[in-house]
> 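Sharing a structure, written as structure tokens. Questions coming.
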Amino acid sequence: MHEFLFNNRADLVQRCRDKVSTRLGRLASSDQLENGIPIFLDQLIRTLQSEQTQDREESVYISGPAGGGTAHSEVGTSATQHGKDLLIMGYTVDEVVHDYGDLCQAITDLAVERDAPFLVDEFRTLNRCLDNAIADAVTEFSYQQRLAAADKVATESNQRAGFFAHELRNILGTASLAFAASKAGNLSLSGATGSILERSLSGLSRLIDESLVDIRAVGQNTTILRSFSLYEFVAELEAAAQLAAQAKGCRISVTAVDHALAVSGNRELLLSAAANLLQNAIKFTHVGTTVTLSAYASADRIQIDVADHCGGLPPDAEATMFLPFAQHGSDRNGLGLGLTIAQQSVTASGGTLSVRDVPRVGCVFTISLPRRAMPS
């Protein structure tokens, strides 16, 4: 199949463009045409090639695992951008699904026309790539849609705050003038100037009472979390981990982090939790191997992965990994409380901490946190 797709790439892309142009009210931009389905088609070709060479790890890296789930992949990254682009251009979630369906239909039609036989496993790979791309594109589209709605609410809140400040300034200005006049003229507060001051003070009291009602109403439905830059967070982690890695004789590899991503939570607690995971990974990874730190977005979550080469976890270790005083490695230094504290710190910020065993290779600890807009 990969040879068929490669040899007919231009024809398939053109067929997708033609299908897009026939849908009512849909005009595809040049960026969308070049950076959406064409990129996915190239990733599909590479996935099929890697599976033909039995390089399963490369296949999953390109297009993600079967059955969905949270995993960093090239298909996921480009599909996420595609879903975001379609929302910006004003399209619906249906259009997101249609784009990938167009490619599937184009491949099927052309294969029938050319009488090109495909293997069952190749169709499974095609379906896996399409499922993962559609899922990532749709979830990002939905997330950005909710984020836009939240931005609208924030804008309205800022407007209300502006109105409040403007009204507060006016009333306070009037009260200040009345007080200054009374003081300068040694006037009685029972006169007209005193009445102005009284009305101004009553107006301030009313304005504050009304604002408190609004705050209480918001507080019943919203938990305010502090957002911070994921890029700066990871950079701080990397700087501290490099020294420990050098002392152990292993390497630290940090994947590129999108500067536009932000995470929500208690920064100091999360920094301590992530640093603890890195310290554990460096402690147990084999000398000369690499500990990898990855941070990326998956729909409305931020995933922070710490992967090591410890050789894999002992049987049933995952079930007790985060219990107090649990120690599973040969190095028994410490009290065995680090992972317990790390989990509590992550939970306190509305996140989760999990571990996944990679048999005979190592393990991957994942912190999953709420995704937020970058603070201005």
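Because only heavy atoms are used, hydrogens play no part in the values below, and waters and symmetry mates are left out as well, while side chains stay in. What you see is a predicted model, and the numbers here were worked out from it, not measured in a lab.
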> Say you draw a straight line from SG of C129 to CG of L48; how long is it, rounded to the nearest 0.5 Å?
6.5 Å
> Is there a side chain to side chain contact (heavy atoms under 4.5 Å, CB included) between R146 and Y143 once you walk through the steps?
CA-CA 5 Å; R146 293 194 300 272; Y143 169 74; 4.0 Å; yes
> Check L353 against V346 and note the closest heavy-atom contact, atom names and distance.
N-CG1, 4.1 Å
> State, yes or no, whether a side-chain contact exists between L339 and F365 at a heavy-atom distance under 4.5 Å.
yes
> Check whether N266 reaches the backbone of L269 with its side chain - one donor and one acceptor, N or O, closer than 3.5 Å.
yes
> Does any part of the side chain of C363, heavy atoms only, come nearer than 4.5 Å to the side chain of C310, both counted from C-beta?
yes
> Please report the shortest heavy-atom distance between T125 and E51, naming the atom on each side.
OG1-OE1, 2.6 Å
> Whether E140 and R371 form a salt bridge (side-chain N of Lys/Arg under 4.0 Å from carboxylate O of Asp/Glu) is what I want to check.
yes
> Before accepting this row, confirm whether a basic side-chain N of the pair R46/D42 lies closer than 4.0 Å to the acidic partner's carboxylate O.
no
> With R128 as reference, evaluate D131, N132, L130, L126 under the side chain to side chain contact (heavy atoms under 4.5 Å, CB included) test and give the passing residue.
N132
> Following the transitive rule for hydrophobic clusters with a side-chain heavy-atom cut-off under 4.5 Å over Ile, Leu, Val, Met, Phe, Trp and Tyr, establish whether L271 and L230 coincide in one cluster.
yes
> Could you tell me which residues satisfy ring pair (Phe, Tyr, Trp, His ring centres under 6.0 Å) with F118, sequence neighbours excluded, listed by chain and number?
F4, F123
> Once side-chain hydrogen bond (donor to acceptor under 3.5 Å, both in side chains) is applied, do any residues pair with E122, and if so which ones, sequence neighbours excluded?
none
> Got a salt bridge between D305 and R356, using NZ or NE/NH1/NH2 to carboxylate O under 4.0 Å?
no
> For V361, check side chain to side chain contact (heavy atoms under 4.5 Å, CB included) against everything at least two apart and list the hits.
H309, V358
> Checking T366 against Q303: is there a side-chain donor and acceptor pair closer than 3.5 Å?
no
> Do D18 and Q14 get their side chains close enough for a donor-acceptor pair, meaning under 3.5 Å?
yes
> What are the two closest non-hydrogen atoms of L261 and A297, and how far apart are they?
CD2-CB, 3.7 Å
> Measuring from atom CD of Q344 to atom OG1 of T340, what distance do you get when rounded to the nearest 0.5 angstrom?
6.5 Å
> Considering all heavy atoms of both residues, which atom of S253 and which atom of T290 are nearest to each other, and what is their separation?
CB-CG2, 3.6 Å
> Measure across S349 and L270 and return the closest heavy-atom pair with its distance rounded to 0.1 Å.
OG-CG, 3.8 Å
> Could you grab the distance from atom CD of Q52 to atom CG of D121, nearest 0.5 Å is fine?
11.5 Å
> Is any side-chain heavy atom of Y231 less than 4.5 Å from a side-chain heavy atom of D258?
no
> To the nearest 0.5 Å, what is the distance between OG1 on T47 and NE2 on H2?
11.5 Å
> Do Y296 and I304 have side chains that get closer than 4.5 Å, going by heavy atoms?
no
> Indicate yes or no for a side-chain donor-acceptor contact from K248 to the backbone of K283 under 3.5 Å, with no hydrogens or angles considered.
yes
> With no hydrogens and no angle check, is any side-chain donor or acceptor of R251 less than 3.5 Å from a backbone partner on A245?
no
> Should V254 and V234 count as side-chain neighbours, where that means a heavy-atom distance under 4.5 Å?
yes
> Considering non-hydrogen atoms only, spot the tightest contact between I37 and C16 and give its length.
CG2-SG, 4.1 Å
> For a 4.5 angstrom cut-off between non-hydrogen side-chain atoms, does R267 reach E236?
yes
> Let's go through L12 and L5 carefully: what are the C-alpha distance in whole Å and the side-chain angles of both, what is the deciding distance for side chain to side chain contact (heavy atoms under 4.5 Å, CB included) to 0.1 Å, and is it a yes or a no?
CA-CA 8 Å; L12 290 170; L5 297 180; 3.7 Å; yes
> Are the side chain of D102 and the backbone of K19 linked by a donor-acceptor contact shorter than 3.5 Å?
no
> Any chance you could measure R372, atom CZ, to S264, atom OG, to the nearest 0.5 Å?
4.0 Å
> Within the 4.5 Å heavy-atom criterion, are L103 and F40 side-chain neighbours or not?
yes
> First locate atom CG of D300, then atom CG of L369, and finally report the distance between them rounded to the nearest 0.5 Å.
11.5 Å
> Kindly say whether S368 contributes a backbone atom to a donor-acceptor pair with the side chain of R301 at under 3.5 angstrom?
yes
> For residues L119 and M1, determine if any side-chain heavy atom of one lies less than 4.5 Å from a side-chain heavy atom of the other.
no
> Does I282 offer a backbone N or O that forms a donor-acceptor pair with the side chain of T285 under 3.5 Å?
no
> Could you give me the CA-CA distance, side-chain angles and deciding distance for D308 and T289, then say whether side chain to side chain contact (heavy atoms under 4.5 Å, CB included) is met?
CA-CA 8 Å; D308 63 33; T289 62; over 6 Å; no
